[in-house]
Amino acid sequence: MAAPRILKRHHVGALPLLHAIVKRLGLRETIKHFVPTHGNDQIPVVDTLILLGYNLSIGKEPLYELSAWVDSIDHRSIGYADYAPDKFNDDRFGRALNRLYEADRASLMTEIVRRCVRTFDLDLQRIHNDSTTLKAYGEYPGKTRSGVALKRGNSKDHRPDLKQLVFSLSLCADGAVPVHHKVYSGNRTDDTTHIETWNTLRKITPNPEFLYVADCKLCTDEQLSHIVGN
């Protein structure tokens, strides 16, 4: 008797579009430059990170459910047909994130944004900036190598009892594409972040005459004088 045939459904959805954008940006080569593959990697770490990026874009599963998500998608649509789905377990994703954490992420992000601006001809004449807070539950002692730590501050979640981080994001008016982000300790106030943000944006804009749009916390003598003077 012939073996029974098994029908298995695989999701495609937006994966081909995301894969095309990644190829057009040269994202794989950029990430590989900053997060190189080790000789003992069965799967290049860049492929694991890109797969994680696909999930963040369309799935947003927690780390412990990523292996099931990987098993559910059509690997042919993203050029992963040679990889066995069971190779992408939560341990592999966790180790890839550790490698990304150890890399120069600021330079990586700047290079990705520059490539995006060139590839899609983004108009950077007007950039909007705003910040929000991200609250945390539980105990998280210590701080990152860059000095970021959970602190109590002006909670926009209306939870002053919880420690938090401050998340700053800048978008260009052309399609609301993110061009810069930075995480600060939870006690950092908005009126002290704009000079650093403007200086970073200046590195990716063709000239300093862009319009920088923010809320009233921008209006301090020090910050406005710095922007006008530069």
Side-chain angles (χ1 to χ4, degrees), residues 11-37 41 43-61 66 69-70 73-83 88 93 96-97 99-132 146 167-183 193-194 196-214 227 230:
H11 297 287
V12 176
L15 285 171
L17 175 60
L18 292 173
H19 185 55
I21 293 173
V22 165
K23 290 181 65 177
R24 186 173 174 184
L25 281 174
L27 189 59
R28 190 179 190 278
E29 293 75 19
T30 303
I31 296 177
K32 189 176 181 180
H33 174 75
F34 289 92
V35 192
T37 298
D41 287 339
I43 296 176
V45 64
V46 60
D47 290 337
T48 303
L49 291 172
I50 287 177
L51 192 58
L52 181 62
Y54 291 154
N55 180 263
L56 289 172
S57 299
I58 61 175
K60 296 183 174 63
E61 272 79 15
L66 279 176
W69 176 79
V70 172
I73 64 175
D74 187 345
H75 286 216
R76 297 170 298 177
S77 64
I78 55 174
Y80 280 41
D82 294 335
Y83 295 147
F88 293 99
F93 283 109
L97 287 172
R99 300 263 288 278
L100 178 62
Y101 177 76
E102 294 168 355
D104 182 0
R105 300 186 308 282
S107 297
L108 169 61
M109 185 64 183
T110 300
E111 179 58 27
I112 291 174
V113 170
R114 283 175 172 168
R115 282 177 173 262
C116 190
V117 170
R118 292 194 303 265
T119 303
F120 297 104
D121 193 24
L122 294 179
D123 182 0
L124 300 181
Q125 288 300 305
R126 189 166 84 247
I127 298 177
H128 296 252
N129 173 269
D130 199 7
S131 66
T132 190
S146 59
F167 185 85
S168 173
L169 181 66
S170 298
L171 310 173
C172 69
D174 183 10
V177 177
V179 293
H180 174 260
H181 78 91
K182 181 76 180 284
V183 179
T193 62
H194 291 294
E196 180 181 352
T197 299
W198 192 90
N199 287 341
T200 304
L201 292 173
R202 179 63 191 90
K203 295 177 182 178
I204 64 173
T205 52
N207 62 71
E209 299 298 324
F210 64 93
L211 179 64
Y212 182 68
V213 183
I227 292 175
N230 289 275

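The structure presented is a predicted model; accordingly, all values stated were derived computationally and were not measured.
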Asks: With a 4.5 Å limit on heavy-atom distance, are the side chains of Ile43 and Phe88 in contact?
Replies: yes

Asks: Does Thr205 reach the side chain of Ile127, with side-chain heavy atoms less than 4.5 Å apart?
Replies: yes

Asks: Mind listing the closest non-hydrogen atom pair of Thr197 and Ser168 along with its distance?
Replies: OG1-OG, 4.2 Å

Asks: Rounded to the nearest 0.5 Å, what separation is found between the NE2 atom of His75 and the CD1 atom of Ile78?
Replies: 6.0 Å

Asks: Side chain to side chain contact (heavy atoms under 4.5 Å, CB included) between Thr193 and Lys182: does it pass, once the steps are laid out?
Replies: CA-CA 9 Å; Thr193 62; Lys182 181 76 180 284; over 6 Å; no

Asks: Donor-acceptor pair, distance only, cut-off 3.5 Å: does the side chain of Ser77 make one with the backbone of Asp74?
Replies: yes

Asks: Assess whether side chain to side chain contact (heavy atoms under 4.5 Å, CB included) is satisfied between Phe93 and Leu52, documenting all intermediate values.
Replies: CA-CA 7 Å; Phe93 283 109; Leu52 181 62; 4.1 Å; yes

Asks: State, yes or no, whether a side-chain contact exists between Ile112 and Phe34 at a heavy-atom distance under 4.5 Å.
Replies: no

Asks: Given 3.5 Å as the limit, does a donor-acceptor pair link the side chain of Asn55 with the main chain of Glu61, or not?
Replies: yes

Asks: Looking at side-chain heavy atoms only, is the closest gap between Leu171 and Val179 below 4.5 Å?
Replies: no

Asks: Looking at Arg126 and Asp174, is any side-chain nitrogen of the basic one under 4.0 Å from a carboxylate oxygen of the acidic one?
Replies: no

Asks: Looking only at heavy atoms, which two atoms of Pro208 and Asn230 are closest? And how far apart?
Replies: CB-O, 3.6 Å

Asks: Verify, without hydrogens or angle tests, whether Tyr80 (side chain) and Asp47 (backbone) share a donor-acceptor contact under 3.5 angstrom.
Replies: yes

Asks: Assess the residue pair Arg105 and Leu100 against the criterion (side chain to side chain contact (heavy atoms under 4.5 Å, CB included)); give the C-alpha distance rounded to whole Å, side-chain angles, the decisive distance to 0.1 Å, and a yes or no.
Replies: CA-CA 7 Å; Arg105 300 186 308 282; Leu100 178 62; 4.2 Å; yes

Asks: Please report the interatomic distance NZ(Lys23) to CD(Glu29), rounded to the nearest 0.5 Å.
Replies: 10.0 Å

Asks: How far apart are the closest heavy atoms of Leu25 and Cys116, and which atoms are they?
Replies: CD2-CA, 3.5 Å

Asks: Report the distance from atom CZ of Arg76 to atom CG of Asp82, rounding to the nearest 0.5 Å.
Replies: 12.5 Å

Asks: As an exercise, state the distance from CG of Leu51 to CG of Leu18, rounded to the nearest 0.5 Å.
Replies: 11.0 Å

Asks: Salt bridge (charged side-chain N to carboxylate O under 4.0 Å, His left out) between Asp41 and Arg99: does it pass, once the steps are laid out?
Replies: CA-CA 12 Å; Asp41 287 339; Arg99 300 263 288 278; 2.9 Å; yes

Asks: Take His181 and Met109, measure what side chain to side chain contact (heavy atoms under 4.5 Å, CB included) needs, and give me the verdict at the end.
Replies: CA-CA 9 Å; His181 78 91; Met109 185 64 183; 3.8 Å; yes

Asks: Between OG1 of Thr48 and CG of Leu97, what distance do you get to the nearest 0.5 Å?
Replies: 9.5 Å

Asks: Measure the OH-OG distance between Tyr212 and Ser170 for me, rounded to the nearest 0.5 Å.
Replies: 5.0 Å

Asks: So which atom in Ala214 and which in His194 form the shortest heavy-atom distance, rounded to 0.1 Å?
Replies: CB-CE1, 3.6 Å

Asks: Side chains of Val46 and Val35: closer than 4.5 Å at any heavy-atom pair?
Replies: no

Asks: Evaluate the side-chain proximity of Val12 to Ile73: yes if any heavy-atom separation is below 4.5 Å, no if none is.
Replies: no

Asks: Within a strict 4.5 Å, meaning less than it, do heavy atoms of the Ile58 and Leu15 side chains meet?
Replies: yes

Asks: Please give me the minimum heavy-atom distance between Pro36 and Val45, naming the atom from each residue.
Replies: O-CG1, 3.9 Å

Asks: Indicate the atoms forming the closest heavy-atom contact of Pro178 with Leu169, along with that distance.
Replies: CB-CD1, 4.1 Å

Asks: Got Asn129 and Trp198 here, is their nearest side-chain heavy-atom distance under 4.5 Å?
Replies: no

Asks: Please confirm whether the backbone N or O of Leu56 pairs with a side-chain atom of Lys60, one donor and one acceptor, at under 3.5 Å?
Replies: yes

